[in-house]
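Note sheet for the following structure.
The figures here come from the full heavy-atom set of this structure, side chains too, leaving out hydrogens, waters and symmetry mates.
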Amino acid sequence: MADTQFDLIIIGSGPGGYVGAIRAAQLGLKTAVIEKDKTYGGTCLNVGCIPSKALLESSEHYQAAQHDLAAHGVKVSKVDLDLPTMQARKDKVVKTNTEGIAFLFKKNKITPFNGMGKIVAAGKVEVKGADGNTQILTTKNIVIATGSVPVELPFLKYDEKRIVSNTGALALDQVPKSMIVVGGGVIGLELGSVWQRLGAKVTVIEYANRLGGTMDQDCMNVLKKSLEKEGMSFLLSTKVTGSKVGNDGVEVTYESLTDGKASSMKADVVLVSTGRKPFSAGVGCEEMGIQKDPQGRIIVDKHYQTNVPGIYAIGDVIAGPMLAHKAEEEGVALAEMLAGGAGHVNYDTVPGVIYTHPEIASVGITEEFAKEKGMEINVGKFPFMANGRARAKGYTEGFVKIIADKKTDKILGAHMVGPSVSELIHEVIVCMEFGGSSEDLARSFHAHPTLSEVVREAALAVEKRQRQM
């Protein structure tokens, strides 16, 4: 019989759950993780971050072979797409990552339970297995880390064949001739760009008058122009009103929010990416009287504790950006607090990334936000076009923008669009964590020639002293 008594039980094995469990175990807490699905890792590892990046990488290689290698003197006479192999590679990447979590559980002496976890009383969690059998686990502390699920529109019900969520969009067995993406956020742009590169004609329909929500619009404008060059179309300020699935695809009806004009469009596949919502169904929140806000998010205090003592929540199921790295840091902070330490998460430095081509990376406040709030700022901006390494790589779209307080020069935000900015953003984050200024960044060595020099030049540009342009 498996042990059923623990210091900590975490319901959910996504990034917040499994990382928090590892940290708790490192600190000496006897820890268990309950996972309802067959594999560990939650949405991120199974049908989100990891498989989407695998397909993005593969589709970019395909595009490079078709269009970009010739400029480097690499002649490819015929390029064929082998989608089954591409999908098999993606599946292997996912499998390796999820199996890695199982290894980490074993290494750190974490006890996993497969089944649906439900809080039935203070310090007691029921696990119901796929076979219907149940067992009761006891614990000092319980963490709800059950993540989120895609928002389903009533007139665009998922069948994961014609009308798909991110799950279905990652598993298409053939390239659709046409695809409508409903929602111009991170998921829609990333997965839409995958299928656009592989040969689909993609149209993005967005309710707002801008892409990317609150992300820096200078960055979004660069990305939009780049995607339009590749053939992607955009209908902004447009509301989808209905759909009809037929043998030859899906007909979507929509209307313009500017003039009210109604139209329709057909596509082989419709990807609905209108956001995600917290998932806590069946966990016992209602029975235990755990409070939620109007958006269905579990309400927690600064220590991640709910209104019920001994029950905590982290990640997508609470307020804040629905990002894997945010959930991870919350899981670690909570584990450290439960072990008697002082965990901490700096929400001012949570980065956001869109892994398109070019990429977008962002941290802190935007220039637009600062102006709306009447903040006095200086802005430094520098283009990749002026960077030697970017020219050598052949990827010169975009720029780095750094926002600093006008009086103190403290960095308040950074926004980047261009090659490898998902990696470059982190030197600004580290600088911000230490309360650094643009001067600190500007006076730090950056090897030449590297893309990171664009970050330094943007920091220099805050005081209008950039040197490479």
Could you tell me whether the side chain of [X] and the main chain of [Y] form a donor-acceptor pair under 3.5 Å?
X	Y	result
His426	Pro351	no
Glu206	Gly184	yes
Ser243	Phe155	yes
Asp409	Glu439	yes
Gln87	Leu170	yes

Closest contact, heavy atoms only, [X] versus [Y]:
X	Y	answer
Phe399	Val222	CE2-CG2, 3.8 Å
Asp248	Asp268	O-OD1, 4.1 Å
Gly17	Ile10	O-CD1, 3.5 Å
His72	Asp68	CD2-O, 3.4 Å
Val417	Pro358	CG2-CG, 3.9 Å

Is the closest basic N to carboxylate O distance between [X] and [Y] below 4.0 Å?
X	Y	value
Asp159	Lys157	no
Glu367	Lys401	yes
Glu336	Arg23	yes

Rounded to the nearest 0.5 Å, what's the gap from [atom1] on [X] to [atom2] on [Y]? Could you check?
X	Y	atom1	atom2	result
Leu460	Glu453	CG	CD	10.5 Å
Asp37	Leu45	CG	CG	12.0 Å
Arg456	Phe382	CZ	CZ	11.5 Å
Asn46	Thr167	CG	OG1	9.5 Å
Tyr347	Glu329	OH	CD	9.5 Å
Ser59	Leu198	OG	CG	5.5 Å

Item to check | Thr241/Thr253 under side chain to side chain donor-acceptor pair (under 3.5 Å): CA gap, chis, key distance, verdict | outcome: CA-CA 6 Å; Thr241 56; Thr253 55; 3.0 Å; yes

Checklist entry - What about the rings of Tyr18 and Phe105, do their centers lie closer together than 6.0 Å? => result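 When the ring centroids of Tyr18 and Phe105 are compared, they turn out to be at least 6.0 Å apart.
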
Polar contact flag, side-chain donor to acceptor under 3.5 angstrom, [X]-[Y]:
X	Y	value
Ser452	Glu427	no
Tyr312	Glu330	no
Ser237	Thr258	no
Glu251	Ser264	yes
Lys201	Ser233	yes
Ser280	Lys292	yes
His415	Ser362	yes
Asp216	Thr366	no
Glu359	Ser422	yes

Next on the checklist: Checking Asp316 against Arg297 for the salt bridge (charged side-chain N to carboxylate O under 4.0 Å, His left out) test, could you report, in this order, the C-alpha distance in whole Å, the side-chain angles of both residues, the deciding distance, and whether it holds?
Outcome noted: CA-CA 8 Å; Asp316 288 5; Arg297 300 173 299 195; over 6 Å; no

Any [X] side-chain heavy atom under 4.5 Å of [Y] side chain:
X	Y	result
Leu153	Val240	no
Glu376	Asp405	no
Val272	Ser165	no

Next on the checklist: Run the salt bridge (charged side-chain N to carboxylate O under 4.0 Å, His left out) test on Glu397 and Lys225 for me, step by step, so that the C-alpha distance in whole Å, both residues' side-chain angles and the decisive distance to 0.1 Å come before the verdict.
Outcome noted: CA-CA 10 Å; Glu397 283 182 296; Lys225 287 179 182 177; over 6 Å; no

Item to check | Stepwise salt bridge (charged side-chain N to carboxylate O under 4.0 Å, His left out) check, Glu368 with Arg210 | outcome: CA-CA 13 Å; Glu368 186 178 21; Arg210 58 200 281 172; 2.8 Å; yes

Checklist entry - Going through the distances and angles, do Lys78 and Asp80 end up as a salt bridge (charged side-chain N to carboxylate O under 4.0 Å, His left out)? => result CA-CA 7 Å; Lys78 191 174 186 294; Asp80 292 322; 2.7 Å; yes

